[in-house]
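Report on one structure; see the data block that follows.
Hydrogens, waters and symmetry mates play no part in the numbers below; they use all other heavy atoms, side chains included. In this text, all values refer to a predicted model and were calculated from it rather than measured experimentally.
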Amino acid sequence: MIFFGSLFRSQLAHDDQSNLRALLHAVIERLCQRYKLTLSLAFCLCLGSSSVHASHPDISLEAHVPKLSIADKNDKAVSSDGIDNSHSTLPAIAPNNTQPIENVANINGLAPTTLWQPELKEPSLYALLDAEFAADRGDRQRAITIYKQQAFKEDATAVFERALSLSLRTERVEKSLQFAKSWQDQNPDHVPAWFYVAHLALRAHDYLLAGETLNRILLYDPRADLSEILIGIYPNNDEDKRELLAALQPLDSEQNASLSVLKAGLLYQFNEPEIAIVHINRALERQPDYVPFITLKADILRKIVTAETVVNYVSQARLRNPDSKSLYLYEIRYLLDLKQSQEAWQLLLDAHGRFADDAEITLLAALVSLDIEEYNSADELLNMLAKNPAYLDQAYYYLGISAERQQHFDQAKYYLNGVMQEDLVLEARRKVVAFELLNDDVDAAIATLEKLRKDFNVFAPDTFVLQADILWQQNESEEALRLLTKAARKYPDNEMLLFARAQLLDDKDDYIVKRTLLNHLQILDPTNLSYQLSYAQLLLANERSSEQGLALATAIIQIRYDDPRYDNELHLQALNVLAGNALANENYQQVIDYLQTPYDVFPTLRSGSLLLRAYQGLGNNEKVEALLADLQQRFSFGQHNINDRIQLY
């Protein structure tokens with residue numbers, strides 16, 4: 001008996017196996033007619049596995065089991081249903097040179113299968129079953145190899161698709177493309193294969209092949225739906241985008257919306273809106289109310305027409321598609337970009353009326369209400385949102401913000417203490433701590449942090465740093481340092497704790513320890529500018545002319561604002577470090593050059609104090625009096641300026 005193209009190695013008892021053979025042949029016949037793989041055959045095969053020892057198949061053998069008329073020892077035939085039936089037999093179709101198995105006493109003496117089995121033109125069911133079992137066992141490479149081999153036989157479309165599916169899961173896209181292209185070359189009239197090849201060529205960045213294949217598709221059907229082909233193929237870098245655009249440009253996409261919109265998107269990204277608008281208009285002629293096409297046209301229009309024209313276009317499209325949430329949101333966000341918050345708010349209220357149960361619309365309407373200080377509207381919307389369990393924490397967080405802005409601090413604490421969502425809870429508790437400190441209730445502030453540390457262990461390092469900051473503000477620097485040292489032992493790899501501890505150390509008295517900590521931090525993160533600046537400050541505090549310290553601080557202030565590394569607060573800190581060093585060297589004009597303009601734009605207490613001392617050093621009493629008055633007004637902490645205290649904290 002043959003199993004998956006291999007001969008059984010052991011002698012089989014004819015009487016015990018003949019019924020099983022006939023049953024398997026009947027099942028195989030039925031499966032072959034339907035071209036389906038099924039576990040029924042596997043189940044039947046397993047019935048005889050206890051007495052059968054089969055070797056692994058040789059995938060190079062494409063064996064096909066002949067249908068034999070097999071009689072048992074009582075000369076009874078077995079029906080195709082596997083039930084003993086003496087009135088019917090399976091017709092024998094074995095080749096003339098094939099001897100019936102039941103007449104062979106020694107199966108091992110049979111000639112090799114390649115000598116007595118014909119080569120099949122269609123896929124071998126045994127081989128396909130072997131491939132499926134291999135895939136089920138996790139041996140995907142064997143499964144792919146068998147499937148790919150069988151796919152090149154006749155009427156093997158389903159086998160090709162299964163082979164391609166396995167290849168895409170296991171192999172690089174280039175290998176999948178190579179297989180698909182070879183199969184398509186052998187089956188040049190199989191139109192779906194063109195789509196497979198085009199998609200894979202785009203994914204593999206083989207834009208020449210992609211262009212040729214897309215052109216063939218368009219010649220066959222100028223209006224073919226290419227949307228599935230174009231999913232997930234958009235290049236990430238400009239070079240690939242240019243190659244893709246170059247491959248698409250020769251194609252006639254006038255009647256194909258999918259291709260037109262792809263060209264339009266690429267041209268838009270390469271800042272060619274005048275040409276892009278032509279292609280997107282072609283796409284809209286085919287699908288005038290398709291929202292992604294409408295929004296892409298709006299994006300293109302924003303580069304070539306006035307904002308008013310863009311708003312009118314989107315508004316008209318929204319009126320034609322009143323149930324499109326996406327168009328509402330696009331217009332609202334564009335109005336917000338234009339700083340037209342009042343108009344955006346009115347449109348949001350309209351959208352909320354139409355999409356009353358949409359939490360995203362409700363939340364956005366509430367946030368814009370907060371932004372334009374429509375607190376009654378914001379509170380009403382947020383209380384509605386709080387009824388949705390998925391949005392409860394966000395609703396409470398922004399209700400707390402609303403109460404804070406209205407200076408209802410007890411109410412704000414109530415809502416912010418109720419926030420339990422992990423990405424909001426830390427910021428919510430920071431504000432609660434700030435409110436407690438405004439009331440000079442240090443114990444309550446620390447209790448809030450300790451509870452947060454207990455409830456959310458992930459934020460324990462943050463709470464230790466905040467608690468140390470509170471202690472430092474209370475002139476308990478030693479206690480703050482002990483707290484951070486203890487916390488650092490518990491979280492030895494936490495950079496935030498290490499850095500906070502380093503900042504509490506004195507630049508001169510603790511020079512060795514602080515330098516060691518900062519060097520360690522710079523090893524952990526060599527690109528961290530905060531660590532570099534703190535190290536520069538340490539060096540300059542101990543040696544005013546330190547070239548390394550000056551170089552580090554100067555490098556930070558030279559980072560351009562459009563550089564991803566630019567940080568406005570860090571830039572100001574670096575200016576303060578350099579200005580402080582210049583002041584120590586009695587270079588008063590240098591201090592003014594560093595800080596006067598930044599103070600005018602974004603005044604801080606530290607910058608103002610350094611400027612004041614510089615003008616005092618120059619004896620410019622007029623400037624001293626004016627700056628002193630500004631500092632007293634701007635940074636006083638009286639009852640009438642309570643919001644400044646929250647912000648500064």
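Using bins of under 30°, 30° to 60° and over 60° for the plane-to-plane angle, the ring pair Phe456/Phe459 lands in the tilted bin. Aromatic ring orientation, His571 versus Tyr566: tilted (interplanar angle from 30° to 60°).
For Lys148 and Phe179, the positive end sits near the middle of the six-membered ring, less than 6.0 Å away and at most 45° from its axis. Relative to the ring axis of Tyr268, Lys303 places its NZ or CZ within 45° and under 6.0 Å from the centre. Figure legend: Arg318 and Tyr328 shown as a cation-pi pair, the cationic atom lying under 6.0 angstrom from the six-membered ring centre and within 45 degrees of its axis.
Taking a cutoff of 4.0 Å between a charged side-chain nitrogen and a carboxylate oxygen, Arg302 and Asp337 qualify as a salt bridge. Ion pairing of Glu239 with Arg242 is absent here, as no side-chain N (NZ or NE/NH1/NH2) approaches a carboxylate O to less than 4.0 Å. Taking the charged nitrogens against the carboxylate oxygens, Lys325 and Glu360 do have a contact shorter than 4.0 Å, which makes a salt bridge. Ion pairing of Lys181 with Asp185 is present here, as a side-chain N (NZ or NE/NH1/NH2) and a carboxylate O approach within less than 4.0 Å. A salt bridge links Arg162 and Glu132; the closest N-O separation between the charged side-chain nitrogens and carboxylate oxygens is under 4.0 Å.
Summarising the geometry, atom OH belonging to Tyr398 is positioned 12.5 Å from atom CD belonging to Glu404; distances are rounded to the nearest 0.5 Å. Between atom CD1 of residue Ile275 and atom CD1 of residue Ile300 there is a gap of 11.0 Å, rounded to the nearest 0.5 Å. To the nearest 0.5 Å, atoms CZ (Arg405) and OH (Tyr375) are separated by 5.5 Å. In this structure, CG on Asn187 lies 11.0 Å from OG on Ser182, to the nearest 0.5 angstrom. Ser324 OG to Asp289 CG: the interatomic distance, rounded to the nearest 0.5 Å, is 9.5 Å. Distance CD1/Ile294 to CD/Gln316: 11.5 Å, rounded to 0.5 Å.
Take Arg560 and apply the side-chain contact (heavy atoms from CB on, under 4.5 Å) test, not counting sequence neighbours, and it matches Asp562.
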### Message
Apply side chain to side chain donor-acceptor pair (under 3.5 Å) to residues Ser369 and Asp371 and explain how you reach the verdict.
### Response
CA-CA 5 Å; Ser369 298; Asp371 188 54; over 6 Å; no
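The minimum heavy-atom distance between Val310 and Ala298, with the atom names listed, is CG1-O, 4.1 Å. Looking at every heavy atom in both residues, Pro123 comes nearest to Glu154 through CD-O, 3.3 Å.
Judged purely by atom type and a 3.5 angstrom limit, Thr145 uses its side chain to pair as donor or acceptor with the backbone of Gln141.
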